[in-house]
Amino acid sequence: MKMIKNTLFSEKPVNIGPESGYDNYIMAIESSCDETACAIVKNGREVISNVVASQIKTHAQYGGVIPEIAAREHLEAINVVIDEAFKQANMTPDKITAFAGTVGPGLVGCLLVGLNAAKTLALVHDKPFIGVNHLNAHLCGNYIDTDLKPPYIALLVSGGHTQIIDVKSYSEQKIIGETIDDAVGEAYDKVARLIGLPYPGGPVLDKLAREGNPFAFKLPEAKVDGYNFSFSGLKTAVLRLVKSFDGKELPVNDICASFQECVSSTLFKKVKKALLESGYKQVVIAGGVAANSEIRKKIFSLENEGYKVNAPAMKYCTDNAAMVASCAYFNTDTFDDVDVEVFSRA
Ligand code: KG4
Ligand code: ZN
């Protein structure tokens, strides 16, 4: 449980969390990259409303997210998504227990829009404000609609991060491995671009991979110590493979499938190692790349070995605000100061 004492007018501290003894309705805002999102979540697990305005169409024409354009689009969308979240929930601000917002990591100009909106809502309605780390929030996507409780091993795979985390309790998380170069999502997006697929490359590459032969090309699996990863060598290997076709038609589906096989088996092996060494019987996946069909399939195969496996529903894998609200509820390691500043890197 945590006591938050940052309301502007009433000096009273407010109890938040599973042991608070009453129903908590947390409204959260997420704007760290190219999704403007707002959600209301009851007691960290039950989504009352969930609104996401995606900018993918805008950025697709540039082949990637342009930070200044993203920030401007957040400004245009923010009030609309907040209104819609209240409307879908059929709730008024006085019924909200606390307002939460993503503090970082992310694009600074983008984060500022959502975070300031969350702080303003808290101040105007005299409710507590809770600042949340985006990566912790991704893990909490796993609490939505489940009864999952720590401890467990988490594989966090997104556009910016690739981590294996030992989640000892709701608030105690130890990163035991991470990428030493590209993140998995980044590798997907770069390889997709290399073979001429549209942005965002990850989901498209995943779809084509399902039509190809995963063993058509043997791609190198980086040998990195412990639980760490490296994907830049693999990206170069795909580049070399593409060049070897010398302008002839590429076997796109087979290249996608072989790349996906290499990435997913690397991730699987390290997760398995972490489970064996920790002795935990539960594993979760999180982050945008957790939507990937082959990664899900391999990790879920651990169920056959007696492990409990969880992955958020697709809409709670990619950026959303419900996971931020859940994190504000469960995790006591939050930024509960209305003066907290946004940050770009973890
Ligand atoms: O977590 P997220 O929405 O944003 C970040 O915080 O990074 O993750 C976005 C990343 C992008 O790189 C996107 O290409 C990737 O997730 N992604 C996928 C799939 N769906 C989204 N990568 C592989 N397969 C997918 N099905
Ligand atoms: Zn994310």
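Atoms within a ligand are numbered from 1 in the order they appear, just like the ligands themselves.
Of all protein heavy atoms, the one closest to atom 8 (O) of ligand 1 is Gly288 CA, 3.3 Å. Nearest to atom 23 (C) of ligand 1 among the protein's heavy atoms is Asn292 ND2, 3.5 Å. In terms of protein heavy-atom proximity, atom 3 (O) of ligand 1 is nearest to Asp319 N, 3.3 Å. Atom 19 (C) of ligand 1 has Pro203 N, 3.7 Å as its closest protein atom, hydrogens excluded (heavy atom only). Ranking protein heavy atoms by distance to atom 26 (N) of ligand 1, first place goes to Asp206 OD2, 3.0 Å.
Side-chain polar atoms of Asn142 and Asn310 form a donor-acceptor pair below 3.5 angstrom. Counting only N and O atoms by type, the side chains of Asp23 and Asn43 include a donor and acceptor under 3.5 Å apart.
Not a single heavy atom of Cys33 sits under 4.0 Å from any atom of ligand 1.
Between the NE2 atom of His138 and the OD1 atom of Asp319, the angle centred on the Zn ion (ligand 2) amounts to 90° when rounded to 10°.
The pair Arg45-Asp145 does not count as a salt bridge, with every side-chain nitrogen at least 4.0 angstrom from each carboxylate oxygen. For the pair Glu261 and Lys298, the salt-bridge criterion is met [side-chain N within less than 4.0 Å of a carboxylate O]. Taking 4.0 Å as the cut-off between side-chain N and carboxylate O, Arg72 and Glu76 do not count as a salt-bridged pair. Using a cut-off of 4.0 Å between Lys/Arg side-chain N and Asp/Glu carboxylate O, Arg210 and Glu294 are scored as not salt-bridged. Ion pair Asp147/Lys308 flagged as a salt bridge, since at least one NZ, NE, NH1 or NH2 atom sits closer than 4.0 Å to an Asp/Glu carboxylate oxygen. Salt-bridge formation is not detected for the pair Lys235/Glu186: no Lys NZ or Arg NE/NH1/NH2 atom is positioned less than 4.0 Å from an Asp or Glu carboxylate oxygen.
Counting heavy atoms from C-beta outward, Val132 and Ile130 have side chains that approach closer than 4.5 Å.
An N or O contact shorter than 3.5 Å is missing between Ser293 and ligand 1 by distance. In terms of polar-atom proximity, Gly201 is not counted as a contact of ligand 1, lacking any N or O under 3.5 Å from an N or O of the ligand. Residue Gly202 places at least one N or O, backbone or side chain, under 3.5 Å from an N or O of ligand 1. Polar contact with ligand 1: absent for Tyr188 (N/O pair, distance under 3.5 Å). For ligand 1, none of its N or O atoms has an N or O atom of Cys317 under 3.5 Å away. Annotation: Glu35 places no N or O atom under 3.5 Å from an N or O atom of ligand 1; distance criterion only.
The proximity of Val289 to ligand 1, defined as any non-hydrogen pair under 4.0 Å, involves the side chain as well as the backbone. Contacts of His134 with ligand 1, taken as heavy-atom pairs under 4.0 Å, involve the side chain alone. Of all the heavy atoms of His138, the ones lying under 4.0 Å from any atom of ligand 1 belong exclusively to the side chain.
Taking every non-hydrogen atom of Gly185 and a distance limit under 4.0 Å, the qualifying atoms of ligand 1 come out as 12 (O). Which parts of ligand 1 touch Thr318 is read off a 4.0 Å heavy-atom cut-off, strictly below it: atoms 3 (O). Every atom of ligand 1 with a heavy atom of Gly160 under 4.0 Å away is listed here by number and element: 7 (O). Annotation for ligand 1: atoms under 4.0 Å from non-hydrogen atoms of Asp189 are 11 (C), 12 (O), 13 (C), 14 (O). Close approach to Gly159 involves these atoms of ligand 1, each under 4.0 Å from a residue heavy atom: 5 (C), 7 (O), 8 (O), 9 (C), 10 (C), 12 (O).
Relative ring orientation between Phe330 and Tyr170 is described as parallel, the plane-to-plane angle staying below 30° on a 0-90° scale split at 30° and 60°.
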Test side chain to side chain donor-acceptor pair (under 3.5 Å) applied to Thr179 and Thr162, step by step:
CA-CA 6 Å; Thr179 181; Thr162 306; 5.1 Å; no

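Without hydrogens or angle criteria, Asn331 side chain to Cys327 main chain gives no donor-acceptor distance under 3.5 Å.
The distance from the Zn ion (ligand 2) to the nearest N/O/S atom of His161 is not under 2.8 Å.
The aromatic ring centres of Phe335 and Phe129 sit 6.0 Å or more apart.
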